[in-house]
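Reading through the structure tokens given below for one structure.
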Amino acid sequence: MTIKERVAALLQQAMDEAQAKGFIPQAMLPDVLLERPQNREHGDLASSLPLRLARNLHLNPMEIAQRLIPLIPPAEEVERVWVAPPGFINFALKSYWLVQQVEAVVQAGERYGNMDLGKGKKVQIEFVSVNPTGPLHVGHVRGGILGSTLANVLAASGYSVEREYYVNDAGTQMDSFYYSLYVRYQQALGKEAEMPKDGYVGTYMVELAREIAIEEGEGFLQMRPEEAVKALGAIGLQKMLKSIKEDLERVRVSFDVWFSERSLYTGGQYDKSMQILREAGYLTQREGALWFASTALGEDKDNVLVRSTGAPTYFASDIAYHYNKFSERGFDWVINIWGADHQGHVPRMKAMASALGVAPERLTLIISQLVTLRRGQEVVRASKRTGELVTLRELVDEVGPDACRFFFLSRSPESQMEFDLELAKKESSENPVYYVQYAHARIAGILQLAQESGIDYSDGDVSLLVNPAEIDLIRHMVEFPELIETMAQNLSPHHLPHYAMELATAFHWFYDHCRVVSRLSEEEGITKARLKLVQAARIVLARCLDLMGMDAPEKM
RNA sequence: GCGCCCGUAGCUCAGGGGAUAGAGCAUCGGUCUUCGGAACCGAGGGUCGCGGGUUCGAAUCCUGCCGGGCGCGCCA
């Protein structure tokens with residue numbers, strides 16, 4: 001239970017009693033009872049409950065507050081409760097309680113901030129899932145970093161999380177990729193062959209084909225073209241996937257499962273899911289194609305599942321895929337992270353869930369807006385087909401994984417963002433990423449010094465911590481569990497970098513005001529107490545960095 | 001034309017019904033310079049795109065414009 005929930009419960013108790021005794025009329029309580037006021041003078045926690053109730057109760061908000069306050073039970077956490085116009089109830093926390101939280105943090109260690117919001121529910125996060133037709137570029141990084149961090153956050157919140165990459169190894173785009181590879185392979189071996197007009201003309205395809213020609217020899221030239229395309233394609237796909245995986249690992253994005261689209265056709269999920277839709281009456285045959293009657297579910301148009309050529313669409317695969325996720329693998333909750341260019345597919349996905357008999361709220365689609373890439377004034381256009389793009393690899397080589405992650409993470413998914421490569425590079429020596437990491441390195445330095453000096457601070461007495469800088473640092477640490485909760489509830493990991501900045505600031509401020517390691521024997525007590533505080537600060541900061549997938553350096 | 005997202009400081013972005021709207025970078029000024037200066041403190045800088053509405057209270061919710069991004073295929 002976070003301190004916010006604890007105090008909210010106290011307020012709730014007071015409210016119940018007030019109503020039971022008839023001091024206050026019965027009323028529905030708002031969901032949110034407590035807030036963190038932005039101004040310190042308003043206490044550690046505040047409630048606008050009286051203001052919210054005033055209208056329905058036909059009472060003056062100040063009056064409501066006055067009646068409520070005497071009924072708030074005394075608690076070891078709370079120092080003072082008071083009314084503030086126009087009708088807030090403010091709470092100040094006891095500094096004795098705050099200071100004891102240092103012990104709580106140290107005791108919890110790496111588990112500090114974890115909670116059981118998810119109660120072990122099985123959640124799957126599917127992200128990136130780019131067609132393996134070429135290298136990942138900058139636009140794909142955002143979803144990867146968002147997904148991996150969200151997965152960390154949900155895991156810390158008590159969900160059982162699985163990370164998945166959906167490999168589109170079937171479908172027309174892949175056919176084009178396979179054929180392009182065949183052409184490049186022939187050319188690599190000196191044979192005349194012409195690229196299809198919508199083929200993948202990027203230079204990486206030339207290199208891929210050459211590599212295969214060297215490793216596998218000329219054998220594919222002897223095969224019938226269809227056979228060669230298939231055989232080469234299988235090799236090309238594996239190489240492409242390997243390279244994508246390596247690229248993602250450079251930004252510390254990894255997956256538990258790489259799921260093959262093709263397996264849905266060989267494993268029977270496609271047939272089964274279509275059967276379910278057929279029996280539910282959602283399939284119609286029209287104009288030579290098979291349609292999903294999504295208009296029956298409130299969508300504005302139907303969607304083709306099987307083309308008149310007999311080839312299933314990507315959407316048909318999606319249905320089979322989600323049938324597999326929900327019905328076969330039994331995920332309680334499925335989260336898909338998509339780029340804004342797929343936003344139009346959301347309604348039909350929801351319709352599909354209903355048609356499969358899955359409650360639509362068990363499927364969450366997070367749409368992250370696209371990234372505009374710039375080099376100074378020049379806008380860089382990304383086109384995978386022509387190969388004119390800044391790859392993920394180039395980006396990470398230029399900017400580094402930590403800065404990359406921090407930068408992408410600090411923007412909320414729904415806001416379009418601009419990535420200026422020049423700026424990212426230029427700022428990298430003087431940017432917030434290093435500010436946060438520096439705080440960690442500084443802490444490590446202090447603890448190192450303590451160790452070298454042979455100081456054992458395990459018996460440090462935290463009640464000696466009274467300096468405002470010390471208390472301020474503790475206040476920030478105490479907010480960490482609430483942060484985890486907020487991020488998990490709103491699926492908004494972008495708060496993490498901002499919090500990390502604030503925590504680092506609080507630490508630097510403390511460092512500036514309070515000398516930690518003292519050689520004076522009369523300062524032994526405060527030295528140990530502060531070392532314990534520093535240890536706790538390190539735990540929280542390291543957790544932040546870990547959740548963000550960043551390094552927590554000992555030295556820089 | 002229709003749908004979704006966005007518009008907040010010079011720039012990049014937080015804040016998404018509460019009290020005086022914040023951060024980083026940039027600009028200007030100061031501190032300290034014994035545990036790591038990749039630090040600390042301060043200043044300037046805002047019609048929260050514009051207009052209406054709801055509310056005790058709106059940057060936040062509703063609505064109409066304006067501006068930008070992305071969609072609207074038997075492509076993925």
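Lettering follows sequence order; numbering is per chain, from 1.
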Let's test your reading of the model: under 3.5 Å, does the base of [N] pair with the side chain of [X] as donor and acceptor?
{"X": "A:N90", "N": "B:A19", "answer": "yes"}
{"X": "A:Q416", "N": "B:G68", "answer": "yes"}
{"X": "A:S308", "N": "B:C74", "answer": "yes"}

Base, sugar-phosphate, or nothing: which does [X] touch, judged by heavy atoms less than 4.0 Å apart?
{"X": "A:E299", "value": "nothing"}
{"X": "A:E414", "value": "sugar-phosphate"}
{"X": "A:A444", "value": "nothing"}

Under 4.0 Å between a side-chain N/O of [X] and OP1 or OP2 of [N], yes or no?
{"X": "A:Q437", "N": "B:A38", "result": "no"}
{"X": "A:H508", "N": "B:A38", "result": "no"}
{"X": "A:Y434", "N": "B:C25", "result": "no"}
{"X": "A:H494", "N": "B:G15", "result": "yes"}
{"X": "A:S415", "N": "B:A14", "result": "yes"}

Could you check whether atom CD of A:Q451 has more than 12 heavy atoms from other residues, nucleotides or ligands sitting under 6.0 Å from it?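 Open.
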Hits for side-chain hydrogen bond (donor to acceptor under 3.5 Å, both in side chains) against A:Q416, two or more places apart or cross-chain, chain-then-number order -> none
Just jot down the side-chain contact (heavy atoms from CB on, under 4.5 Å) partners of A:S263, sequence neighbours excluded, or say none. A:F259, A:S260, A:T266
Can you find a side-chain donor-acceptor pair between A:Q173 and A:T133 that sits under 3.5 Å? no
Figure out the CZ/P separation between A:F408 and B:U12, and round it to whole Å.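 A:F408 atom CZ is separated from B:U12 atom P by 16 Å.
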Stem list, RNA chain B (Watson-Crick or G-U pairing under 3.5 Å, at least 3 consecutive pairs): B:1-7 with B:66-72, B:10-13 with B:22-25, B:27-31 with B:39-43, B:49-53 with B:61-65
Residue met sooner reading RNA chain B from 5', once A:M501 and A:L370 are mapped to nucleotides: A:M501
